[in-house]
2 protein chains.
Amino acid sequence: MTEPKTHGPAATPHTARKPARDGKGNATIYDIAKVAGVNPSTVSRALSKPGRVSAKTQKLIEDAAAELNYQVNPFARALPTGRTNTFGLIVADITNPTFFDIIRGAQTTGTLRDYTLVLAESAESAATELTAARRMMTTADGLILASPRMDDDDIRALARDKPVVVINREVEGMPCVIPDVRKGIGEAVRSLAANGHKKMAFVAGPARSWMSARRWEGVQAACEWSRLEAVRVESTKPTVDGGRQVARDVLATNATAVLTYNDLLAIGLMQELQAGGMAVPDQISIVGFDDIFGADFTTPPLTTVRSPLGECGAGAATWLLDLLQGKGEPDGTLRVETELVLRGSSGRLLGST
Amino acid sequence: MTEPKTHGPAATPHTARKPARDGKGNATIYDIAKVAGVNPSTVSRALSKPGRVSAKTQKLIEDAAAELNYQVNPFARALPTGRTNTFGLIVADITNPTFFDIIRGAQTTGTLRDYTLVLAESAESAATELTAARRMMTTADGLILASPRMDDDDIRALARDKPVVVINREVEGMPCVIPDVRKGIGEAVRSLAANGHKKMAFVAGPARSWMSARRWEGVQAACEWSRLEAVRVESTKPTVDGGRQVARDVLATNATAVLTYNDLLAIGLMQELQAGGMAVPDQISIVGFDDIFGADFTTPPLTTVRSPLGECGAGAATWLLDLLQGKGEPDGTLRVETELVLRGSSGRLLGST
DNA sequence: TTGTATGCGTTATCAA
DNA sequence: TTGATAACGCATACAA
């Protein structure tokens, strides 16, 4: 200890049974009422709704509150109202960098609007996810589900209680925020075609992934338009390691360009290919998906279709908070644009015209 | 809407003023009491403390609770007890990958012990941090401060109210969890020395950073021990860009090896050096710090001193939760070991014996 | 072991 | 515009 206590007779052990209040404890509206010489209910009004109290008593109360260093007790407030100024976010995997931006986006717009973010992880399990969601529903005003694993019906059941917004998946009758892959994929495929590629491979993600299906659809559509041949290659898992493992299959397709379900696959694939002596992009072009943190750490830096995850998080939070204030549409789909980020891992084949 | 409502007279708009309870609302201990034919207080006892009720009424109550799909109302519980089963985590910057692992570690051990994580960001501002911390203190049972920017005194003041654990900084009289840099730096420097390096540069982090100072101390000590000459180079900011900018100064030192304050600096430095035609590690060895996500995406993959951030987060959460149960030491320092992760960016100089 | 009574801090309803 | 008072759901001394 370098500093003497400024008040209180002794250190307050946090192990005490009673609520840790040294001496008098936190100020309540009663304390303010006493100081300001008004009724507690008047204090409550003055502090919650601005206009329902006379200007001078308002000031009286505000001064008293400031003097007493008053802080509302959110729990006491939550009891009668049911509102907590809190919203939950459940992500499938905190380890996955994809979610970092989502978390950040949600957190940022949350604090901006005076809401607190509560975070939970489903560990990729639908059951864990549902449990976590149920728990959160009791404490939070609303919920954001990022890449949920549970059934549509479970999600809709949750939403009967309080507002729920879904990210990265489209669920009928729910507010959903999803990246619109068409633009970004279109740009990527056109770029590849312009560089003379005739055949490209798509390395797919998990079979059950909603997004992977969308991306494959997008690739097919864009390739048809640009008259490229598209072949699909399955991966074992959507990780760097999965990318390494899929290299052999990719080579077997004789494609000169690859678009992967996500950046991790692209990075692993590129590493493996380079380790085998192939030059990127001189002998093969590689395009990732998402533009996660670190996508530009590679040599060459990874060309990728950027998924605006931060915007997704922010958009979902905005929508949810609007809903909580009775302002937004109760369902629909918010599509955020994807775009090609052209870096070094894609380009013209060496020796092609 | 694809599915009819199963109960309730009409859709319950979330915008309703009253607590969103369709019809009868969530079950309370009173409902359980009625079903089980006992007094509400008995229900409370049965559900909170296991042993204080007879076996058969216990079962009676549990059955009724299950049947009614009872969920405790955390706010109602928090009001009399002051406890919320919630703990806060404040990080300086959600963007910074350093914190990802900390968040994950804390979240994981939190849920393991039935605590919910509440996340906030200080945006690198001491003032914002203090505000966020104060807010959290009113709702959470305890707080974890990761790389706090505020003064020691502010931290201690916070800790008078409820338990606070600090990560990445040592504050007198507080429980602190910090990576012990000595082992990792020692390994790095010895590895460099064994590869024939005689002079190394340390690229420092922010001037005010507590950790940067520790790391520089560690480098000096280890270099003295291994008879290496160590020079210090200042960076403008601890980012990839900062690493690029510092390349010129690093070259000016004529050092053949570099250890940077963090991985981001190392990656930027390596990119800039390689862009200038230097071979890594043939002409210069680069060692980063932290082993963040993506450190192995580079070519060559980055040698780095791993900071066990996940363990820090988990350790801090464990300590905090212990404190909340009156089990742990109220202060002290938990040091978690760092270690060298030898990858491709460091090694022997080309042409050296 | 179980029931009774009261308080936690706030909002909301009703009068004044 | 303000004051009195009843919930909100749970925990806990205290009494039985």
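Per chain, numbering begins at 1; letters A, B, ... match sequence-line order. This structure is a prediction, so every number in the text was calculated from the model and none was measured.
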Under 3.5 Å, is there a donor-acceptor pair linking the side chains of A/D141 and A/T86? no
Residues passing the side chain to side chain contact (heavy atoms under 4.5 Å, CB included) test with A/D151, sequence neighbours excluded, are A/D154
Is DNA chain C part of any stem, that is, at least 3 consecutive Watson-Crick or G-U pairs with both distances under 3.5 Å, and where? C:1-16 with D:1-16
If I take atom CD1 in residue A/I29 and atom C1' in nucleotide D/dC8, what distance separates them, rounded to the nearest angstrom? 14 Å
Ignoring hydrogens and angles, state whether a donor on the side chain of A/T138 or B/Q71 is under 3.5 Å from an acceptor on the partner side chain. no
Interatomic distance, B/I32 CD1 vs D/dC10 C1' [rounded to whole Å]: 11 Å
ring-ring contact (aromatic ring centres under 6.0 Å, His included) against A/F99, all qualifying residues, sequence neighbours excluded: none
B/K49 atom NZ is separated from C/dT2 atom P, nearest whole Å, by 16 Å
Contact class for A/V72 (heavy atom, under 4.0 Å): base, sugar-phosphate, or nothing? sugar-phosphate
Would you kindly say whether A/R135 and B/T116 are connected by a side-chain donor-acceptor distance under 3.5 Å? yes
Round to the nearest Å and state the distance from A/N26 atom CG to C/dG9 atom C1'. 11 Å
Return no unless some side-chain N or O of A/R77 is found under 4.0 Å from OP1 or OP2 of C/dT11. yes
For residues 37-45 of chain A, dump all side-chain donor-acceptor pairs below 3.5 Å to protein atoms at least two apart in sequence or in another chain.
from  : atom 1 : to    : atom 2 : distance (Å)
A/N39 : OD1    : A/S41 : N      : 2.9
A/N39 : OD1    : A/S41 : OG     : 3.0

At a cut-off of 3.5 Å, list every protein nitrogen or oxygen paired with a nitrogen or oxygen from nucleotides 2-5 of chain D, distance to 0.1 Å.
from  : atom 1 : to    : atom 2 : distance (Å)
D/dT2 : OP1    : A/S54 : OG     : 3.0
D/dT2 : OP1    : A/T57 : OG1    : 3.1
D/dT2 : OP2    : A/S54 : N      : 2.8
D/dT2 : OP2    : A/T57 : OG1    : 3.0
D/dG3 : OP2    : A/N39 : N      : 3.0
D/dG3 : OP2    : A/T42 : OG1    : 2.5
D/dG3 : N7     : A/S41 : OG     : 3.4
D/dG3 : N7     : A/R45 : NH2    : 2.8
D/dG3 : O6     : A/R45 : NH1    : 3.1
D/dA4 : OP2    : A/N39 : ND2    : 2.7
D/dA4 : N6     : A/S41 : OG     : 3.3

For residues 315-322 of chain B, which side-chain donor-acceptor pairs fall under 3.5 Å, sequence neighbours excluded?
from   : atom 1 : to     : atom 2 : distance (Å)
B/T318 : OG1    : B/A314 : O      : 2.8
B/W319 : NE1    : B/E329 : O      : 2.9
B/D322 : OD1    : B/R113 : NH1    : 3.1
B/D322 : OD1    : B/R113 : NH2    : 2.9

